[in-house]
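This report refers to the structure that appears directly beneath it.
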Amino acid sequence: MRSSVLRRTCTAAIATALAGTGLAACNSEGGSAADGKTRITVNCWPQPSAKIDHKRFDEDVKTFEKQNPDIDVVAHDAFPCQDPKTFDAKLAGGQMEDVFYTYFTDTERVVSINQAADITEYVKDLKAYKDIAQPLRDAYTVDGKIYGIPRTNYSMGLLYSKPLFTKAGLDPSKPPTTWAEVQTAAKKIAALGDGTVGFAEYSAQNQGGWHFTASIYSQGGAVVSEDGKKATVDTPEGKAVLQNLKDMRWRDNSMGAKQLLIINDTLQMMGSGKLGMYLAAPDNVPRIVKEAGGKYEDLAFAPMPGGKGTLMGGDGYMFNKKATPEQIKAGLKWLEWTFLTPGQGYMNNYARAASDKSPVGLPEPRLFTGATDAKDQELKKASANVPVENYQAFIDGGQQLDMKLEPKHGQQIYAVLDGAVSAVLTKKDADIDALLKDAQSKIDGILARG
């Protein structure tokens, strides 16, 4: 994603890589140009089809280059920013951009195969870095060395329909705080009839395993041990997660007959006014509005029930191991300018976002702490165009929760747990103990392979 007369994509190189016939260098444009500028390639520029985002990002690159005439930013567009079908090929071939997009969960793998530059000595010059929340900095730290810069973050909570709460005789200003209260509320909402579902849960495409992880965190448990060597799903906390789902599905009939849901299903259900609650991150709110006809005023957020923990994740940028010191310094300048400065750049120019009719005022991402966070929140509030009061419970309650990152080998683990969640939701006689024992064994096998 980004600008300059040399802007291009790496589509041909990726296709070649996947065909196994060699790789053209996607980062060949980086380095020192003949004009003496430091040239960096970066990715994740919104595609032209995303007209406003594409335009704004291009504007930002040009403004940055004008303010930093010694730096040339060469942008590669991409959607999604990280495509599993091409990411691994580029990574294995050492063909990533100089500054490349990653999820928090990618860090250890990228470092372990020696494809990331150690930027520890350069971060001291990054003013905003010290104000980034520590858990987010930790996501890009391996063995005490820094390999990346966070860009956004999220944590899971309970997304619910205010109109359905009111219609079911529930107080939308007092959302459930325990899983027992979720069960009670879901039953009342489902009793409204006409195809209304009280609570929905994913159980396919690894998304069920992802939500199982969030739920076990809310119970105070985890899916793997702290040292990452053993599974910890065959536990009272793991059993509580599946038992809760089984009770709502078969005892209370509050989850509807249609199962094996994924995120697109819940977006449509919530947008059509037929779903009371589901687990989500705040970025689901604008998707429900834009993609499923929902209304901002109808959607509210609460922290994860249980009060003990929640799953957090996010994304950011790492640096190609081949990047020169000059490119790393230039890349850090770019990241600080466009992602880490309140009121400025692609992520934080809230006044501009509001003028584009993009949502401003959602409770996340919340990247910073201290004075920088206060400034960021002040600017966001000044340009807010969504009902921020609908998210106050999430903000207040979330600060009390233990924020836990996704586990290493997350997608493989989620695939295993998908099976347990889907079995409970599709088979009335599902044996929870046997499901957890089997999942424990399979996850242990994944962890043993490293």
For a quick check under 3.5 Å, do D77 and Q47 share a side-chain donor-acceptor pair by atom type? no
With a 4.5 Å cut-off on side-chain heavy atoms, are T102 and D315 touching? no
Does the T107 side chain pair with the main chain of A139, one donor and one acceptor, at a distance under 3.5 Å? yes
Answer yes or no: is there an ion pair linking D373 with R366, defined by an N-O contact shorter than 4.0 Å? yes
Contact summary for L379 and P342, nearest pair of heavy atoms: CD1-C, 3.7 Å
Per the salt bridge (Lys or Arg N to Asp or Glu O under 4.0 Å) rule, what does the pair list look like for residues 117-141, sequence neighbours excluded? none
So, does Q344 use its side chain to make a donor-acceptor pair with the main chain of W337 at under 3.5 Å? yes
Quick one: are E406 and W210 in side-chain contact, heavy atoms under 4.5 Å? yes
Please determine whether the number of non-hydrogen atoms from other residues, nucleotides or ligands lying under 6.0 Å from atom NZ of K167 exceeds 12. no
For atom CG of D143, is the number of surrounding heavy atoms from other residues, nucleotides or ligands below 6.0 Å larger than 12? no
After noting the C-alpha distance and the side-chain angles of Y202 and D418, does the key distance pass the side chain to side chain donor-acceptor pair (under 3.5 Å) rule? CA-CA 9 Å; Y202 307 150; D418 250 13; over 6 Å; no
I132 and P150, any side-chain heavy atoms less than 4.5 Å apart: yes
Donor-acceptor pair, side chain of N320 and main chain of M96, under 3.5 angstrom: yes
Heavy atoms of other groups near K380 NZ, more than 12 under 6.0 Å: yes
Is it the case that over 12 heavy atoms from other parts of the model lie below 6.0 angstrom from the CD atom of E226? no
Give a yes-or-no answer on whether the side chains of S358 and D356 include a donor-acceptor pair shorter than 3.5 Å. no
Is S422 reaching over with its side chain to a backbone N or O of G419, donor-acceptor style, under 3.5 angstrom? yes
Side chains of M269 and Y278 in contact at under 4.5 Å (non-hydrogen atoms): no
For Y147, all residues meeting ring pair (Phe, Tyr, Trp, His ring centres under 6.0 Å), sequence neighbours excluded: none
I'd like to know if the side chain of N349 and the backbone of Y346 have a donor-acceptor N/O pair within less than 3.5 Å. no
Measure across G148 and Y140 and return the closest heavy-atom pair with its distance rounded to 0.1 Å. O-CB, 3.4 Å
pair E201-M255: side-chain heavy atoms closer than 4.5 Å: yes
Looking at G343, is its backbone amide N or carbonyl O close enough to the side chain of N348 to form a donor-acceptor pair, meaning the two atoms are under 3.5 Å apart? no
Non-hydrogen side-chain atoms of V99 and T41 separated by less than 4.5 Å: no
Could you tell me whether the side chains of S155 and E364 share a donor-acceptor contact shorter than 3.5 Å? yes
Steps toward side chain to side chain donor-acceptor pair (under 3.5 Å) verdict (D194, T196): CA-CA 6 Å; D194 194 28; T196 304; 5.7 Å; no
Residue pair T63, E59: steps toward the side chain to side chain donor-acceptor pair (under 3.5 Å) verdict: CA-CA 6 Å; T63 300; E59 290 173 354; over 6 Å; no
With a 3.5 Å distance limit and no angle check, can you tell me whether K308 reaches the backbone of I216 through a side-chain donor-acceptor pair? no
